[in-house]
K.L.:
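My questions all concern the structure below.
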Amino acid sequence: MSSPQALLAARAHRVHRRAWWAVAAALLLTSTLLGSFALTIASTALGHARVERYAGAPVVVAGDQTTRYTAKPWGSEPKTATAALTERVRVPDAALDVLRDVAGVRAVVPDVSVPLSSRGRLLYGHPWDVARLAPYKLLEGRAPAERGEIVVSADEGRSPGERIGLSARGTARTYEIVGVAQGEGSVYFTQAQARALAGHPGSVDVIGLLPEPGVSRAQLYERTRTALDEAGARDVSAPHRAKDDARPLRVLTGDGRGLAERLEAPAARTGALELLGAIAATVVLVALLVISSLVAQALRQRAAELALLRAVGASPRQLRASVGREVLRVAVRPALLGALASVPAFFGLLHLLRSGGALPAGLELPTPVWLFAVPLLTAGLTIGAARLTALLGCARAARVRPAQALGEARGASQDPGQGRRIAGLVLLGLGVSSAGVSVAQSGAAAAMAASTAALTMVIGCAALGPWIARGALSVLGRFLRRRGPQGRLAAWELAANTARFGAAITPIVLVTAFVVVQLGAGATLQRSGERQAAAALHAELRVTGGGSPEEIRRMPGVAAATGLVRSTVVVAGKEAGAPKLDRLPVLGVTPEGLAHTLDPGPVQGSLDELRPGTVSVGSDRARGQGLHVGSQLRVRFGDGVERTLKVVAVHQRGLALGELLFSREELSRHMTSPDTAEVLVATDDAALVRAELGKVPDAEVTAARPLRLTLPDQALNDRLGRIGIAAIGGFTMIAVLSTLTLISVGRRPALRLLRRVGAGRAQVRGMLRTEAAVVAMTGLAVGTAVAAVPLLAFSFATARALPYLPLTQAALIAAAVTTTAFVGTLLPARGASR
């Protein structure tokens with residue numbers, strides 16, 4: 001026999017099923033979004049670099065490509081922050097002797113990678129012995145045996161006997177092709193020639209180990225790990241690393257071998273995980289706000305019914321159980337359907353990440369079968385959120401006396417309560433404080449503080465909804481009453497139901513504030529960066545592939561030539577006492593005549609002083625860290641080496657040219673491929689210089705373009721950011737539609753009554769259109785005001801400029817919100833207004 005609560009829930013669900021449709025739609029979308037992002041996070045967490053060149057080597061030995069920083073947060077145990085290193089950390093030759101003595105090792109194969117240029121195409125050279133680690137077999141010809149002989153990969157379309165020009169480390173030479181092998185983009189030399197071309201005697205990039213027959217991978221790993229530990233083997237950067245940062249050489253097996261091949265994959269994976277986590281957290285908060293608003297509105301429309309149940313003897317426990325069961329009936333099916341829909345949404349998200357080269361080549365995101373159980377957990381979270389919101393929504397009706405409940409349901413009490421007002425004001429204050437914090441931050445920290453401020457202020461506005469509605473009516477009410485019967489009806493309706501009015505504008509405030517902050521922050525940085533890049537560029541030509549700055553400066557018609565190299569560095573710091581590591585894109589330049597080719601805009605000191613052991617700091621970072629000319633700055637380069645550098649200048653164009661600027665000589669020491677450089681050339685006679693550069697072997701000359709530094713994984717972060725904005729923005733737009741639809745469905749009896757007492761069809765529809773316009777206008781105005789506070793703080797902190805949002809984007813936001821408000825108000829009420 002069913003319990004009374006179950007019978008009440010079943011009847012209420014049948015009677016109010018139209019009102020619950022809007023809630024069901026929001027729950028479906030919530031489950032879909034949460035499931036798809038949870039799948040993406042889980043797949044990214046399982047991600048690894050693809051194993052290709054070392055697929056045939058069960059065990060690979062490489063340097064430690066991670067840097068660490070340990071600090072003690074306030075009132076907590078010490079914590080360690082980690083960051084991936086993007087430049088090769090090499091293995092000393094001494095490790096080769098240790099590995100050759102390991103029992104069960106058949107062959108120890110050292111690998112070095114040599115960047116090569118051939119007619120503008122980038123290739124990589126390796127010793128021929130490394131081919132057997134893949135293994136790559138010869139398809140034609142033979143292996144190289146002498147200096148000047150090479151084997152090329154099959155994708156080059158070459159044949160044995162041909163000759164090919166290759167440029168390595170700025171020196172061009174012609175080589176004879178003696179063989180063609182499997183693989184792509186590779187050239188193979190003899191071991192001696194490859195080591196000579198690599199240019200770092202005494203160390204190798206990676207060591208591959210081949211076992212003797214009968215030796216398992218696990219045995220080989222254990223023996224190798226033991227031998228290296230007993231010998232105390234470290235990578236070449238270990239003596240120069242920060243305290244507690246040096247670690248033993250890595251012994252890699254399985255998918256971990258890919259880490260030795262693709263240095264960009266770990267950094268991209270870590271950055272993607274952090275960004276996906278931030279997006280998912282925002283989705284959860286927005287979903288909770290939307291679901292709570294919708295469920296609360298659905299229950300508010302049934303206040304009289306709930307009060308009547310209390311009046312006829314239903315206990316508080318029975319009332320809560322009935323509402324809870326009813327919400328479960330509404331929530332379970334949409335949540336499970338959303339879990340199913342999240343799977344194709346997840347694959348669509350993966351396609352977006354892989355398309356256009358956003359996902360770094362070689363970063364694999366696996367999808368094991370068990371992974372697809374994750375959406376069931378997010379579906380459970382969605383159902384739990386709906387049930388909890390329902391319990392909170394009926395808490396007052398269950399708590400007060402039946403007579404008081406009936407009085408409130410009839411409108412005897414319209415005051416939402418001082419507690420709600422105080423909570424809303426506190427949240428607004430916290431949001432403004434968070435925006436103020438972002439002024440003292442930079443980069444990702446400032447963006448996070450701005451987003452937090454916007455979301456906190458939106459929640460505060462939701463709590464203050466009735467008071468915001470009253471304020472809007474005090475401004476617009478007089479104007480509405482002058483617009484005939486429709487305007488007067490709209491003014492009376494809105495004034496009599498400020499709680500409903502406040503609930504209607506909340507999702508509009510949310511979508512407006514969120515989208516304006518996200519789009520405005522990105523557009524402001526982009527615009528400021530582009531302006532700085534354009535102002536910094538004075539060169540006319542850009543040369544790659546051949547010719548050093550010194551050689552080009554001696555050419556007739558050249559006014560100045562600046563050599564550039566690009567890399568990343570890591571700067572350790574603290575945030576609220578917790579350790580953090582900032583990975584920054586940086587530039588290395590030859591300082592001679594720099595102002596004639598690329599002017600960073602020095603505001604203190606002189607860039608002519610740039611040399612090894614010195615650095616120029618961007619003005620924002622200098623201000624944030626209290627740096628000035630003569631200060632000391634500790635930096636970890638891309639190969640893990642930590643150095644303390646003297647600040648010799650402060651420059652103002654850090655958004656374009658990076659927050660730290662080094663001499664090319666300094667930065668090149670810590671780069672995997674320092675010779676893959678570019679030269680910017682300022683000319684007195686561009687045509688003459690082009691003719692002279694045409695004589696340089698393998699030199700590629702193009703028109704110089706404004707230079708703006710970004711991290712190697714910036715394309716992936718940008719793609720994820722756009723996906724997050726689209727997903728959350730679209731979800732909140734659906735929330736606007738669902739909320740207004742729910743409100744309109746609940747108003748159908750009142751609209752029918754208006755028609756029966758003499759209101760014309762045109763008057764009722766005019767009233768609804770006026771209400772929709774007021775709701776849209778108020779939501780847009782409040783949302784813009786909410787967005788303006790954190791956006792102003794963020795723009796000042798990062799770009800020292802006013803916020804910028806393209807007019808087209810602003811118009812699209814306003815048009816989308818207004819259209820949704822009209823559709824959500826007019827369509828559900830169409831039948832009742834006839």
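FYI, the numbering just counts along the sequence from 1. Any value given below was found using the heavy atoms of this structure, including those in side chains, with hydrogens, waters and symmetry copies removed.
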K.L.:
More than 12 heavy atoms of other residues, nucleotides or ligands under 6.0 Å from CD of Glu184: is that the case?
P.N.:
no
K.L.:
So do Thr614 and Glu609 actually touch side chain to side chain, heavy atoms under 4.5 Å?
P.N.:
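Side-chain contact under 4.5 Å: no.
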K.L.:
Do the side chains of Asp245 and Arg636 get nearer than 4.5 Å, heavy atoms only?
P.N.:
yes
K.L.:
Counting C-beta onward and ignoring hydrogens, is there a side-chain heavy-atom pair between Pro58 and Thr253 closer than 4.5 Å?
P.N.:
no
K.L.:
Which is it for Glu665 and Arg611 under the salt bridge (Lys or Arg N to Asp or Glu O under 4.0 Å) test, yes or no, and what are the steps along the way?
P.N.:
CA-CA 7 Å; Glu665 184 180 356; Arg611 59 178 59 90; over 6 Å; no
K.L.:
Do Thr590 and Thr562 meet the criterion of a side-chain donor-acceptor pair at a distance under 3.5 Å?
P.N.:
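Note: Thr590 and Thr562 side chains miss the donor-acceptor criterion.
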K.L.:
Could you check if a side-chain atom of Leu709 sits within less than 4.5 angstrom of a side-chain atom of Arg566, using non-hydrogen atoms only?
P.N.:
yes
K.L.:
Is any side-chain heavy atom of Arg354 less than 4.5 Å from a side-chain heavy atom of Leu365?
P.N.:
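Yes, side chains in contact.
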K.L.:
Start with the C-alpha gap between Tyr136 and Tyr188, add the side-chain angles, then the distance that decides, and say whether ring-ring contact (aromatic ring centres under 6.0 Å, His included) holds.
P.N.:
CA-CA 11 Å; Tyr136 291 146; Tyr188 298 98; 7.0 Å; no
K.L.:
With under 30° as parallel and over 60° as perpendicular, where do the rings of His670 and Phe637 fit, or are they tilted in between?
P.N.:
parallel
K.L.:
Cut-off 3.5 Å, side chains only: do Ser237 and Arg241 have a donor facing an acceptor?
P.N.:
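Side chains of Ser237 and Arg241: pair found under 3.5 Å.
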K.L.:
Taking the side chain as C-beta and beyond, is there a heavy-atom pair between Ser43 and Thr367 under 4.5 Å?
P.N.:
yes
K.L.:
I'd like to check His126 versus Ser113 (side-chain heavy atoms, cut-off strictly below 4.5 Å). Are they in contact?
P.N.:
yes
K.L.:
Please answer whether the main-chain N or O of Thr44 pairs with a side-chain N or O of Arg269 as donor and acceptor at a distance below 3.5 Å.
P.N.:
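Yes, Arg269 side chain to Thr44 backbone: donor-acceptor pair under 3.5 Å.
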K.L.:
Between Ala231 and Val98, what is the shortest heavy-atom contact and its length?
P.N.:
CB-CG2, 3.9 Å
K.L.:
Might you point out which heavy atoms bring His651 and Ser616 nearest each other, and give the distance in Å?
P.N.:
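Minimum heavy-atom contact is ND1-OG, 2.8 Å.
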K.L.:
Taking the cut-offs as 6.0 angstrom to the six-membered ring centre and 45 degrees off its axis, would you call Arg217 and Tyr221 a cation-pi pair?
P.N.:
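Because its charged atom misses either the 6.0 Å distance or the 45° angle limit, Arg217 does not stack over Tyr221.
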K.L.:
Locate the shortest heavy-atom distance separating Leu716 from Ala268; write the atom from each residue and the value.
P.N.:
CD2-O, 3.9 Å
K.L.:
What's the shortest heavy-atom distance between Val236 and Pro92, and which atoms?
P.N.:
CG1-N, 3.9 Å
K.L.:
Would you mind reporting whether Leu138 and Trp128 have side-chain heavy atoms less than 4.5 Å apart?
P.N.:
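The answer is yes; the side chains approach within 4.5 Å.
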K.L.:
Does Arg88 use its side chain to pair, donor to acceptor, with the backbone of Ala260 at less than 3.5 Å?
P.N.:
yes
K.L.:
Out of Asp93, Asp205, Asp111, which one pairs with Arg195 under the salt bridge (Lys or Arg N to Asp or Glu O under 4.0 Å) rule?
P.N.:
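Answer after filtering Asp93, Asp205, Asp111: Asp93.
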K.L.:
Examine the side chains of Thr544 and Glu678 and answer whether a donor and an acceptor come within less than 3.5 Å of each other.
P.N.:
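Not at all, the side chains of Thr544 and Glu678 share no donor-acceptor pair under 3.5 Å.
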K.L.:
Say you draw a straight line from OH of Tyr54 to CD1 of Ile207; how long is it, rounded to the nearest 0.5 Å?
P.N.:
10.5 Å
